[in-house]
Structure formats: structure tokens, C-alpha cells
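Order of the sequence lines sets the chain letters (A, B, ...), proteins ahead of strands, with each chain counted from 1.
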Amino acid sequence: MVKVNKDMCMLCGGCASVCPYNCITVTEREVIIENCKECGTCIKFCPVGAIE
Amino acid sequence: MKTDLIVIGAGPAGSMAAINSKCDAILIDQRPEIGVPKQCAEGVSESLFEKIGVKPKKEWISKEIKATYMIPPSGIQIKLDDKKVKKAKFGFVLNRKDFDKGLAEIAANTGAELMPKTRFIRAERTERGVKVYAKQFNKTIEIEGKILIACDGVQSRAAKSFGLDTTLPLRYIESCYQYEMTDIEVESAVELYFGRVYAPGGYAWVFPKGENSANVGVGIVPSLAEKRAKDYLDDFLKQKRLKGGKIVEINAGAVPVSPPMKKTYANNLMVCGDAARMVNPLTGGGIHTACISGSIAGKIATKAIEKEDYSEKFLSEYQKLWRNEFGRELEYYGKAQEVFIKLTDAELDKIAESLLEIKLEEISTMEVLKAILKMNPKLLWKLKSLVV
């Protein structure tokens with residue numbers, strides 16, 4: 001299961017736009033990941049490396 | 001609550017859609033403050049306001065641009081200014097926070113109901129049209145309408161609700177990171193730095209904001225990158241040009257650099273701006289395409305509501321109109337980007353050298369691209385093989 005480091009995250013929403021399984025919702029204050037398939041796409045995208 | 005038109009997202013596309021609609025409209029945005037946070041380098045061409053028919057307020061413009069520098073890895077500077085460009089109208093660096101809020105204000109003043117801090121959850125088709133479920137503080141609200149316009153940016157969920165896939169492969173999205181910096185020397189010029197060393201698949205930029213401040217950022221294609229966008233920017237800051245600069249704001253974001261979506265409408269739905277990937281893949285610029293597509297969608301929605309026809313067939317007019325405005329241009333820049341992202345740093349250096357003496361009629365992506373292709377026929381062949 002991927003995890004978002006809240007201290008690093010800029011809430012830019014990019015991870016939600018690349019997730020091939022539509023598992024990610026980025027609200028104005030948090031990233032919600034549901035039913036993650038662990039493909040790692042969001043990790044490669046993140047501009048700050050907030051996803052592990 | 002009930003309305004005719006529901007617009008998701010109060011960025012430039014959403015506000016322009018609401019401004020150009022003549023029906024009852026509700027415009028929702030998940031952010032408590034429209035325009036914040038800034039996720040943009042803020043550069044626009046000079047013709048923007050004329051094209052969208054909105055008179056700019058003074059505070060929307062941070063800086064007028066009088067020159068462009070293009071800088072390859074070798075460090076030589078290709079300066080395009082009024083000595084090199086006949087019609088030297090370059091453009092502006094906007095103040096997106098005021099610009100976005102200003103457009104939303106116009107939308108509200110022309111009759112739309114604006115709802116900040118209202119987050120789209122999902123939408124469904126109903127007998128009457130569409131129903132949107134949204135979260136407003138701790139309440140879930142239901143908005144019933146006839147047409148939905150999705151302007152909810154690169155991570156669009158609204159279009160997905162109606163079955164249009166807006167997911168972007170890593171090759172077709174730029175991972176962007178930016179500092180607004182102060183205490184650095186700036187001219188009235190934008191600086192573009194090309195090469196894998198700065199930003200694989202994209203470029204690094206310095207866009208002046210004021211007397212001594214600028215947006216300094218990078219956009220990279222993650223599938224070509226060796227590190228995070230933040231790392232590329234932090235490395236970029238080490239050069240003498242930016243030494244001593246102070247960071248006053250940090251921005252991150254995603255920019256679609258793919259051809260626009262093949263289908264940007266469905267029954268009861270139109271998709272605009274970043275959500276429909278209407279961005280120039282070569283420059284990452286998407287403000288004017290967002291504004292124009294939003295305006296067109298607002299007008300088509302009004303017509304559809306007058307005629308009580310919300311069918312896919314009727315709304316297909318939207319796609320025809322935006323394609324007429326900028327569709328071919330975006331497709332062409334998409335092909336050009338396919339060629340450019342494959343260039344090595346040494347090849348970029350050579351191209352830059354060939355441009356040292358260029359003269360242009362006017363400043364635009366197309367004019368610069370034409371000049372590059374003229375001086376580097378090999379690139380032209382590569383591009384032609386893609387276009388045909």
C-alpha cells in the first residue's frame with residue numbers, strides 16, 4: 001500500500017491525474033487513496049517525492 | 001437545489017463558461033479561496049484579453065514582457081527582443097491569484113451562483129439532466145441541473161463520472177515545481193532553459209513578477225527523469241544567476257502535455273481546459289485554451305438549454321468550435337514535442353547556435369518553431385514523418 005507523507009505533500013493533485021485505476025482523490029487538505037493496486041505510477045510522478 | 005448549468009471548477013475555464021452562459025448557473029470549487037494556491041508559471045501571450053473579450057484589471061498583470069531568452073545547456077543566450085522581432089508584442093506574466101478571482105467575480109456579477117469550498121464528489125444522469133453530489137463543509141449537498149461543464153483541472157473527476165477517461169500516462173504529463181523568489185535580478189524578459197541537464201522533457205523557467213522577483217520553476221516528463229522535479233529545481237538554483245535569491249512561495253502541479261482528449265463531450269457534459277488536456281504540449285501553456293474552451297462551452301450550454309436538447313449530438317458542436325479555434329495547433333505542437341523531447345543536450349546546443357542570428361516577424365510558438373525548422377532541416381523531416 002502506498003503512503004503519502006503529509007509533511008511533504010503539496011496537495012498539487014498530480015497523483016490523482018496519473019493513477020490508472022482512479023484510486024486517488026486530492027481534496028484541498030488531504031490525499032485519499034482507496035483500493036490501491038500498488039502500480040507505483042503516482043510515486044514516479046510526485047514532484048516532491050511525498051509518496052512511498 | 002436546482003439550476004440549469006453546473007460548472008465544476010472556478011479556474012479560468014470554469015469562470016469563462018459561467019460568464020458566457022445566459023442561463024441559471026452554479027459554479028462550484030473545492031478551494032476556500034479561488035485562485036489559491038497558484039499552480040502556474042503565469043505567462044500568457046499578448047492577445048489573451050482581446051481573444052476572450054474581457055478587459056484586464058491592473059492587478060491581474062504582474063509584469064509586461066519585452067523579450068524572451070532561450071538558453072540551451074551550453075549557456076549561450078538566444079535573445080529575442082524588438083531588434084530580432086518585427087512585431088515585438090510578447091505578453092504578460094499574470095498574477096493568477098487576482099486574475100482567477102477576478103474572473104470568478106465577473107461570473108458572480110453576471111448572475112452565476114459561486115460556491116467556494118464545495119468539493120465535487122460525483123455526478124449522475126437523471127431524467128431531468130444531471131445531479132451533482134458535493135461536499136460543502138460537513139454537509140453533502142445535491143445540485144440538480146441540465147448540463148455539467150467539467151473544468152476541474154488536470155485531476156478532473158467530473159468527466160470520469162460520465163465515463164470519459166481523463167487519466168494521463170506518465171509520458172504525457174509534466175511534473176512541475178516552482179519557487180516564487182525575490183531578491184534576484186530580473187529584466188522584463190522570460191528565460192527558458194532547455195536540456196536534460198535542467199529539465200528532461202520540459203524546460204526550466206524564470207518568469208519575472210516584479211522589480212526583483214520571479215517565478216522560477218521546472219517542468220519534467222517523469223518517464224524521462226532521473227530524480228524528482230524538486231531536485232531539478234534545487235539544482236537549477238545553484239547557478240550564479242539565482243544565487244542569493246529568497247524563496248517566498250512554493251508551488252507544485254501537473255501539466256498535461258498530450259494532444260487534447262479525442263472526445264470532450266457526452267450527453268449532458270462538456271469538458272474544458274486542463275481537464276480536457278487543452279494545453280500546448282510544447283510550452284505547457286494552457287490559459288488561453290482554457291478561457292476559449294470555457295467560453296464556447298458556456299455559449300453552447302445556453303443554446304442547449306433554450307432548445308431543451310442536452311444530447312451528445314447537440315453538444316458535439318462544442319468540440320467542433322474549439323477544434324476550429326486551436327485544435328490543429330495543439331495537435332501540431334504535440335507532434336513537435338515528440339521530436340523535441342528526444343533531442344540530446346548536444347543537439348539542443350547545435351540548434352541554439354543556428355538561431356543566434358534569427359529574425360522573426362512576430363513572437364509566437366509557431367514563429368519560433370518555424371525558424372528552428374528552417375535552420376535545422378533534419379528536424380523538419382522528423383516532424384513531417386509524424387505529421388503525415
Side-chain angles (χ1 to χ4, degrees), chain A, chain B residues 9 29-33 36-40 116-122 135 152-157 160-161 165-178 217-225 227-234 249-256 258 274-275 277:
Chain A
M1 177 73 185
V2 300
K3 241 179 106 179
V4 179
N5 182 331
K6 281 187 186 169
D7 293 330
M8 303 269 290
C9 178
M10 297 281 299
L11 296 171
C12 76
C15 51
S17 65
V18 296
C19 177
Y21 305 103
N22 292 329
C23 301
I24 309 179
T25 309
V26 181
T27 76
E28 67 286 9
R29 61 180 58 202
E30 64 179 335
V31 178
I32 303 161
I33 304 179
E34 288 163 319
N35 306 319
C36 174
K37 308 279 190 291
E38 297 187 16
C39 68
T41 310
C42 56
I43 300 177
K44 290 197 191 100
F45 172 81
C46 183
V48 296
I51 314 176
E52 290 151 16
Chain B
D29 195 295
Q30 70 171 3
R31 297 167 295 180
E33 184 177 0
V36 178
K38 165 177 96 187
Q39 290 184 296
C40 183
K117 200 168 161 57
T118 304
R119 173 165 53 89
F120 174 88
I121 300 171
R122 67 186 174 88
K135 193 93 180 172
D152 48 344
V154 71
Q155 74 265 46
S156 174
R157 298 191 72 80
K160 283 176 187 162
S161 269
D165 184 16
T166 52
T167 308
L168 284 159
L170 280 177
R171 156 67 188 86
Y172 292 108
I173 189 159
E174 297 242 335
S175 178
C176 299
Y177 199 66
Q178 174 174 275
V218 298
I220 63 167
V221 169
S223 60
L224 303 174
K227 49 192 177 183
R228 307 170 301 175
K230 179 181 189 301
D231 301 320
Y232 282 100
L233 182 58
D234 288 336
E249 188 176 309
I250 304 174
N251 313 121
V255 175
S258 71
D274 276 9
R277 308 168 197 171

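Checked by atom type and distance alone, the side chain of A/Asn5 never pairs as donor or acceptor with a backbone atom of A/Glu52 at under 3.5 Å. Judged by distance alone, with hydrogens and angles left aside, the side-chain atoms of B/Gln39 form a donor-acceptor pair with the main-chain N or O of B/Ala252 at under 3.5 Å.
Atom-to-atom distance recorded for B/Lys117:NZ and A/Glu28:CD is 4.5 Å, nearest 0.5 angstrom. Rounding to the nearest 0.5 Å places SG of A/Cys46 at 9.5 Å from OH of B/Tyr177. Distance check, rounded to the nearest 0.5 Å: CG of B/Leu233 to CD1 of B/Ile220 gives 10.5 Å. Separation of atoms CD1 (B/Ile173) and CD (B/Gln155) is listed at 9.0 Å; rounding is to 0.5 Å. Between atom SG of residue A/Cys9 and atom CD of residue A/Glu30 there is a gap of 10.0 Å, rounded to the nearest 0.5 Å.
The parts of B/Ile250 that come within reach of chain A are both its backbone and its side chain, each placing non-hydrogen atoms under 4.5 angstrom from that chain. For B/Lys227, no part sits under 4.5 Å from any heavy atom of chain A, backbone or side chain. Of the two parts of B/Asp165, neither the backbone nor the side chain holds a non-hydrogen atom closer than 4.5 Å to a non-hydrogen atom of chain A.
Annotation: residues 33-42 of chain A contacts chain B through A/Thr41 [non-hydrogen atoms, separation under 4.5 Å].
Most heavy-atom pairs under 4.5 Å with chain A, from the set B/Ala229, B/Ser175, B/Ala254: that is B/Ser175. Per-residue heavy-atom pair counts under 4.5 Å with chain A were compared for B/Ser223, B/Pro32, B/Pro222, B/Ala225, and the maximum is reached by B/Pro222. Taking B/Arg31, B/Glu174, B/Gln30 one by one and counting their heavy-atom pairs under 4.5 Å with chain A, the maximum is reached by B/Gln30.
In plain terms, the two heavy atoms of B/Leu168 and B/Ser258 that are nearest each other are CD2-OG, 3.7 Å.
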Only pairs under 3.5 Å count here: list side-chain donor-acceptor contacts from residues 10-25 of chain A, not counting sequence neighbours, and write none if there are none.
| from | atom 1 | to | atom 2 | distance (Å) |
| --- | --- | --- | --- | --- |
| A/Ser17 | OG | A/Gly14 | O | 2.6 |
| A/Asn22 | OD1 | B/Lys160 | NZ | 2.8 |

